[in-house]
Amino acid sequence: MYCCARLLALASLCIVLSLSIVSRPAVTRAGELPDEFASQRAEVADGARTTARADWWGFDEADSTGAIQAAIDSGAPHVVVPYVAKPWIVRPLTLRNDLEFELEPGVLLLAKKDEFRGRGDSLLSAIDLENVTIRGFGAVLRMRKSDYQQPPYEKAEWRMGIRIAGSQNVLVEGLRIESSGGDGIYVGSSGKHRWAEDVTLRDCVCYDNHRQGLSVVSAQNLLVERCTFSHTDGTAPEAGIDLEPDSEDERLANCVIRDCVFEHNSGHAILVYMKPLTSKSEPVSVRFENCVCRMGTPGMTPDDFTDASMTGWAGISVGAVRDDGPQGLIEFVNCTSENTGKEGVKIFDKSADGVRVRFVDCRWGGPWVARHREYAGPRAPVLVHVRRSELTRRPGGIDFENCQVFNDTWTAPFRFEDDGAEAHLTDVHGSIRAHGSRGFRPHWGPDPVDVDLKLIEADD
């Protein structure tokens, strides 16, 4: 009995060891291909296999760019980067048409040190492509932001985690994108296509990126849902999300951002900046639903913020809509800003004659938790501000429907400010219930035109 038991135990150990050897990644040097996967590679080349694993082309602990790029270029509709218990260290990777690129849970795709010297070198690029999926629930894309912010790297803000430019039918889901030298994710135009189209970003986290968590420069039919954009810090604007075209032939059409969180960003949590667009541009259509903007953590009060050097700007900021700017609608529905560095919401240099801005069932609480000791401008939870009169002489075109301000600052809940002292607030309507206003009345500026915004003082 004892001998039989020993033999069974030894047999089991042999099976375990053999399985571990089979599952071990094929470690190769650059330029080599592992012989044990030759048949799999051949079947991919013949079209007999629709799924290809990157380790069939080898795994190099120092640099696996060649293996992953070869798997992408193999033509397999589905390419998998498997978990091998070590980082996949890479230089910039380029995707292709008709590709499902999947990272297994636990995979770390890590930018190679001392690489990405080009100012626009990005970890993953999808330029002028169609039908691309990038999926990685539990996987991480990580760059080396702190390296790129100092010599010998040339100063730049375009080393993206994922660059989507001029592409159509793109899905990115489940990924955590960290420490890029630009944006966590960039969505925009290319020289060939002036907008990206039918792009979905879902269940992603963009953390500790240099310029933006997400930049949307030019997009049509964009959906961003259940994503978190946090700890952006490095170069302006440093927003959680920035929707900002570069030229009048670009567009923001049918862009929906819902169920997202924007927190701990050094700039605005949400920024929509329209300056390059004109009346010749495509009408704007942007909708935020059920989103949260904040500094700190849930449950904190303004008194909990004691760091005098803390950054953070407005929770929601919309601006630079010229008098001859685009038409359309930017709306925020059931959104909350709490414990924001500056204003809960800021509308600046926005013409009443251009795209309309609408807030429905929105809430703003705990503004001005960052000290901003150098800032001498107006402090208000809701601010409409004319900074550059050359952009608009008719500021306004805003609706507030059933919104609330929770104001613990010694200031009016709503304020209009014109640095040039020439403009009149125009075409502002709706209602805001003000909690803790301490009797401060709203500041409309001189001679408001078609303004019937009702500030209702709450009884609490």
Side-chain angles (χ1 to χ4, degrees), residues 50-55 64-65 67-83 87-111 116 120-143 158-188 190 193 196-207 209 212-217 219 221-229 241 257 260:
T50 58
T51 295
R53 288 168 51 104
D55 59 347
S64 285
T65 310
I68 296 178
Q69 192 64 59
I72 292 170
D73 296 341
S74 71
H78 182 206
V79 171
V80 176
V81 180
Y83 176 75
W88 288 80
I89 296 175
V90 296
R91 290 170 280 114
L93 294 166
T94 303
L95 305 177
R96 62 164 172 80
N97 288 324
D98 304 312
L99 173 67
E100 181 182 357
F101 184 69
E102 181 177 1
L103 288 76
E104 288 185 344
V107 166
L108 170 59
L109 199 65
L110 178 61
F116 296 82
D121 285 354
S122 300
L123 201 56
L124 296 178
S125 292
I127 300 175
D128 295 327
L129 300 182
E130 295 181 356
N131 308 322
V132 177
T133 293
I134 309 170
R135 178 179 293 114
F137 287 94
V140 176
L141 306 185
R142 182 183 298 156
M143 297 182 75
W158 307 283
R159 298 180 177 99
M160 315 301 185
I162 299 176
R163 180 190 297 272
I164 302 167
S167 294
Q168 300 180 25
N169 192 24
V170 179
L171 168 64
V172 181
E173 61 178 355
L175 282 165
R176 181 180 176 93
I177 303 115
E178 300 179 350
S179 304
S180 75
D183 308 326
I185 303 174
Y186 170 95
V187 180
S190 67
H193 299 106
E197 189 164 359
D198 298 321
V199 176
T200 298
L201 312 177
R202 180 181 292 127
D203 297 320
C204 291
V205 174
C206 292
Y207 172 83
N209 292 288
Q212 253 82 251
L214 168 62
S215 279
V216 182
V217 174
N221 303 332
L222 170 73
L223 173 61
V224 184
E225 63 179 355
R226 300 194 303 268
C227 293
T228 298
F229 304 95
I241 182 173
I257 301 94
C260 292

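Keep in mind the model is a prediction, meaning the values are calculated, not measured. For the numbers below, each heavy atom of this structure counts, side chains included, while hydrogens, waters and symmetry mates do not. The first residue in the sequence is number 1, and the count goes up from there.
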Taking all non-hydrogen atoms of both residues, which atom of [X] and which atom of [Y] are closest, and how far apart?
{"X": "Glu104", "Y": "Ala139", "result": "O-CB, 3.8 Å"}
{"X": "Tyr186", "Y": "Met160", "result": "CD1-CE, 3.7 Å"}
{"X": "Ala219", "Y": "Val187", "result": "CB-CG1, 4.1 Å"}
{"X": "Ile241", "Y": "Gln212", "result": "C-CG, 4.5 Å"}
{"X": "Gly161", "Y": "Ser180", "result": "N-CB, 3.7 Å"}
{"X": "Cys260", "Y": "Phe229", "result": "SG-CE1, 4.4 Å"}

Legend entry - Polar side-chain atom of Arg163 near backbone of Gly120 as donor-acceptor pair, under 3.5 Å: yes
Inset, instruction - Verify the distance criterion only: is there a donor paired with an acceptor across the side chains of Asp198 and Asn169 at less than 3.5 Å? - result: no
Which residues pass the side-chain contact (heavy atoms from CB on, under 4.5 Å) test with [X], not counting sequence neighbours?
{"X": "Thr200", "answer": "Leu171, Arg202, Leu223"}
{"X": "Ser167", "answer": "Ala126, Leu129, Ile164, Val170"}
{"X": "Pro92", "answer": "Phe116, Asp121"}

Inset, instruction - Using a 4.5 Å cut-off on heavy atoms from C-beta on, say whether the side chain of Val172 contacts that of Phe101. - result: no
Inset, instruction - Report yes if the side chains of Ile68 and Leu109 come closer than 4.5 Å at any heavy-atom pair, otherwise no. - result: yes
Inset, instruction - Decide side chain to side chain contact (heavy atoms under 4.5 Å, CB included) for Leu93 and Thr65; before the verdict, give the C-alpha distance in whole Å, the side-chain angles of both, and the deciding distance to 0.1 Å. - result: CA-CA 7 Å; Leu93 294 166; Thr65 310; 3.8 Å; yes
Inset, instruction - Could you pull out all residues at least two apart from Asp183 that satisfy side chain to side chain donor-acceptor pair (under 3.5 Å)? - result: Arg211, Ser215
Legend entry - Summary of salt bridge (charged side-chain N to carboxylate O under 4.0 Å, His left out) pairs that have at least one residue in residues 124-143, sequence neighbours excluded: Glu100-Arg135, Arg135-Glu173, Arg142-Glu178
Inset, instruction - Using salt bridge (charged side-chain N to carboxylate O under 4.0 Å, His left out) as the criterion, list what pairs up with Asp203, not counting sequence neighbours. - result: Arg226
